[in-house]
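The next block holds one structure in the form of structure tokens; read it before the comments.
Each chain gets a letter, A, B and so on, in the order the sequences are listed, and its residues count up from 1.
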Amino acid sequence: MTKMTMRTPEDFGFLAVVYSHGWYQCPPFHWDAEEKTLTRVARDATGQPVVLRIREPRRGTLEIQADVEGKLTDADRRKLRSDVRQMLQLDREIAGFHDLCRRHEHLAAIPELGAGRFLRCPSVWEELVKSICGTNVQWSQAVRMISRVAELGEPVEGYHAWPTPERIAEAGEETLREQCRLGYRAPYIIELAASLRDGSLDLGPIERGELEGPDLRKAFLAVKGVGPATADYLMILNGVADRLSIDSAVYAFVKDRHFGGRRPSAAEIEQLYEPYGEWRALAYWFEAMQEYWWGPAGFDFVPDPGRE
DNA sequence: TTCCAGGGGTAGA
DNA sequence: TCTACCCATGGA
């Protein structure tokens with residue numbers, strides 16, 4: 001076992017990032033609400049799965065425990081630290097969003113909570129699969145699909161690593177349909193896995209943040225199974241917040257909160273959040289999280305394991 | 001039973 | 001670009 005510590009930005013709140021959206025409920029993330037510890041099967045510099053346990057012993061510091069025999073190499077340490085930075089978006093600049101929150105009473109608690117970053121998967125591949133599993137199903141059902149896909153990954157200490165594209169491609173459509181119960185999503189994910197395996201698709205430019213807004217959106221939409229709502233959602237995760245991802249959850253929230261029980265049009269929703277400019281997606285997201293799921297004082301009624 | 005969830009692909013206009 | 005229609009699954 002090896003322990004590492006990391007400093008976090010002043011505007012970073014560990015719980016707020018874990019609870020930023022539903023990823024913490026999806027393997028290979030495992031959240032222990034009692035111990036406030038996020039467990040994740042990551043991969044070291046050579047691709048070997050490693051169980052990481054991340055917690056925040058005090059604000060400003062993360063403690064990362066890697067369950068490995070012997071010592072980690074310097075390369076492994078760099079890789080795992082880099083994964084943690086990616087998963088918790090430690091390098092994301094959100095000061096502008098917090099400034100905006102302080103100018104709006106209903107968002108004033110967001111900076112206090114250290115919210116504004118999202119829990120991320122270490123790879124875009126994993127996030128694409130999870131997002132496709134989340135289309136046209138209740139979230140609790142998506143979590144079950146994702147959990148069954150995760151079980152196709154290599155077992156490690158009672159957990160599973162996220163399966164590689166090669167492993168999914170080898171498992172085949174039949175396995176995704178019959179065993180993982182993905183239904184019509186199965187061929188989309190097989191096609192994605194196969195194109196990554198044979199190199200006809202390269203997610204590198206997305207991973208490295210090389211694409212600007214419109215090109216990034218185009219890249220997501222090019223993946224079969226990813227439509228406008230999912231592409232916009234992935235954009236938000238990738239740090240482009242000037243566009244809402246309008247799905248059924250958005251309608252459900254704004255209908256009661258802003259339109260007196262009437263279901264608004266998409267254009268009306270756009271208009272409502274337009275004043276928040278480049279941060280509009282975060283302004284919506286964290287308003288909804290706080291009102292619907294976090295509770296007024298922080299995280300009193302965060303659901304576990306599946307929010308409806 | 002019927003509806004529909006954190007939609008998307010496709011064909012046809 | 002917009003609109004029907006279809007697509008698995010499973011909870012409500």
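Nucleotide B:dG8 holds its P atom 13 Å from the CZ atom of A:Phe220, rounded to whole Å. Between the CD1 atom of A:Ile246 and the C1' atom of B:dA5 there is a distance of 17 Å, rounded to whole Å. A straight line from CZ of A:Arg263 to P of B:dC4 spans 10 Å, rounded to a whole angstrom. Regarding A:Phe253, its CZ atom lies at a distance of 19 Å from the C1' atom of B:dA5, rounded to whole Å. For the pair A:Met289 CE and B:dG6 P, the interatomic distance rounds to 13 Å; values are reported in whole Å.
With sequence neighbours left out, the salt bridge (charged side-chain N to carboxylate O under 4.0 Å, His left out) criterion links A:Asp232 to A:Arg217, A:Arg243.
For the pair A:Ser245 and B:dG6, the criterion of a side-chain N or O lying under 4.0 Å from OP1 or OP2 is not met. Distances shorter than 4.0 Å separate none of the side-chain N or O atoms of A:Thr230 from OP1 or OP2 on B:dG6.
Stacking between A:Trp139 and B:dG6 is shown: the ring centroid lies under 5.5 Å from the centre of the six-membered base ring, and the planes differ by under 30°.
The aromatic ring centroids of A:Trp293 and A:Tyr19 lie 6.0 Å or more from each other. Under the 6.0 Å cut-off for aromatic ring centres, A:His104 and A:Tyr276 qualify, their centroids lying closer than that. Aromatic pair A:Phe29/A:Tyr24: ring centres not closer than 6.0 Å.
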Sub-3.5 Å pairs of nitrogen or oxygen atoms, protein against nucleotides 9-13 of chain B:
unit_1: B:dG9; atom_1: OP1; unit_2: A:Gly225; atom_2: N; d: 2.9

Scan nucleotides 5-9 of chain C against the protein and return all N/O pairs shorter than 3.5 Å with their distances rounded to 0.1 Å.
unit_1: C:dA8; atom_1: OP1; unit_2: A:Arg177; atom_2: NH1; d: 3.3
unit_1: C:dA8; atom_1: O4'; unit_2: A:Tyr184; atom_2: N; d: 3.3
unit_1: C:dA8; atom_1: N6; unit_2: A:Asn136; atom_2: ND2; d: 3.2
unit_1: C:dA8; atom_1: N1; unit_2: A:Asn136; atom_2: ND2; d: 3.3
unit_1: C:dT9; atom_1: O2; unit_2: A:Gln141; atom_2: NE2; d: 2.9

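Ion pair A:Asp44/A:Arg77 not flagged as a salt bridge, since none of the NZ, NE, NH1 or NH2 atoms sits closer than 4.0 Å to an Asp/Glu carboxylate oxygen. Using a cut-off of 4.0 Å between Lys/Arg side-chain N and Asp/Glu carboxylate O, A:Asp242 and A:Arg280 are scored as not salt-bridged.
Nucleotides C:dC5 and B:dG6, compared at atom C1', are 22 Å apart to the nearest Å.
Looking at A:Gln89, its side chain does come within 3.5 Å of a backbone N or O of A:Phe118 through a donor-acceptor pair. In terms of modelled atom types and a separation under 3.5 Å, the side chain of A:His21 and the main chain of A:Leu119 share a donor-acceptor contact.
Note: A:Glu127 CD to A:Trp23 CH2 = 6.0 Å, rounded to the nearest 0.5 Å.
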